[in-house]
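Before any comments, here is the structure.
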Amino acid sequence: MSSSGSIVTPSVPTQRLMSVASHLHSQRFKVVVCRNLGPDVMSILEARPELDLVVWPQDSACERSWLMENISGATGVIVMLTDKVNAELLNKAGPSLKVVSTMSVGYDHIDLKEAAQRGLKVGYTPDVLTDAVADLSVMLALMAGRNGGTGVDLVQRGQWATFSWAPFGLCGPQLSTTAASPTRKIGFLGFGRIAQATLARLVPFGITHCLYFSNPSSLPNYARDAALAKQHKLQGVSKVDLDELSRESDVLFILAPGGGETYHIVNETLLRKMKRTSILVNASRGTLVDSDALAKALREGWIWGAGLDVVEGEPNVTIDHPLVKESRCVIVPHIASATLETRLEMATRAAQNLIGAILGREMPSEVNLSDVS
């Protein structure tokens, strides 16, 4: 309205800009969500007027047929580890798809080459589960070393009353140092954020040395290692080869990425070199450990015990699985990130990654696809 009170009609260019802005505001993007992420996170997605949500309605893993039926024309999709994102799915989605956001730190279930060729963005959830995985890694080391699986099974079967106590019954190697056993060497296959967080949690047990094996092509980081040794008051933090890692580690934590380069890196050759009182812990990917070789190592006493959060071929790990049959192998069903706090952060990050990509903003955690070929 003008100063005289009459209505001023916007100019033609202004009207066009207003029309474009109105169109952008009203544009809606189809988003497929493969699992209900709970009220705290679904409300984040539902609050965005630009998103047209299609959510898997069951409290179970999303069926492939449902995903294939609903992915067509989607701009974004939020997937779980159980949802395979391959050429078949991406072809079905069509050219409208811009982003795949996974509620996981790993992305082995996503064909990154296909994603890169199509110019897609891929979001994941690193960092937020570091503490939870480190906590569980220490738990598994203690459970495996102190016969936790056997003890729990004995009680749950109602056999405690008839169990014949013995001076060394149910005994195992102690994680913490003692006056008679003052040295503890902890090994890590992979030495990223989770491994270093696990190391920090083990310091109060009196460990004295930290050994690690990482990508052979990467140079040792002497300054960082010296700083960690000083921070944790250790006698040493050292990058070593696989041979020394297997021979010297009292507890060996497997915390490296999956993939072809690390497939069955823990094999019979490595296991035969380990101490008879050593513990193996795997909280990374099941494919890093040869299950048959580990079962043989436990059965024949090459090592003391194993604690596993992951097993190759999971979740198809039945009572007849060779590792399930070994009493000194403690297996939990891939629950390293399963804390209320961590899963909420992971779901939130997955939603934020999706929203950022669709609206042309920065994604909090984006997989770098620039080197994928």
Considering only NZ, NE, NH1 and NH2 on the basic side and carboxylate oxygens on the acidic side, decide whether [X] and [Y] come within less than 4.0 Å.
| X | Y | answer |
| --- | --- | --- |
| Asp83 | Arg64 | no |
| Lys296 | Asp292 | no |
| Arg272 | Glu268 | yes |

If you compare all heavy atoms of [X] against all heavy atoms of [Y], which two are closest, and at what distance to 0.1 Å?
| X | Y | answer |
| --- | --- | --- |
| Arg146 | Pro173 | CD-O, 4.0 Å |
| Val32 | Ala74 | CG2-CB, 4.0 Å |
| Ala283 | Leu255 | CB-CD2, 3.9 Å |
| Leu90 | Glu114 | CD1-CB, 3.8 Å |
| Tyr107 | Tyr124 | CE2-CD1, 3.8 Å |
| Val105 | Pro126 | CG2-CA, 3.6 Å |

Practice task
Taking the six-membered ring for Trp and the single ring otherwise, decide whether the centroids of Phe191 and Tyr212 are under 6.0 Å apart.
Solution key: yes
*Residues, nucleotides or ligands: over 12 heavy atoms within 6.0 Å of Lys273 NZ*: yes
From the list Arg276, Arg184, Lys185, Lys275, salt bridge (Lys or Arg N to Asp or Glu O under 4.0 Å) partner of Asp250 resolves to Lys275
(message) Has Asp290 got a side-chain atom pairing as donor or acceptor with Ala293's backbone, closer than 3.5 angstrom?
(response) yes
Is it true that the NZ or CZ of Arg328 lies under 6.0 Å from the centre of Trp304's six-membered ring and within 45 degrees of the ring axis? yes
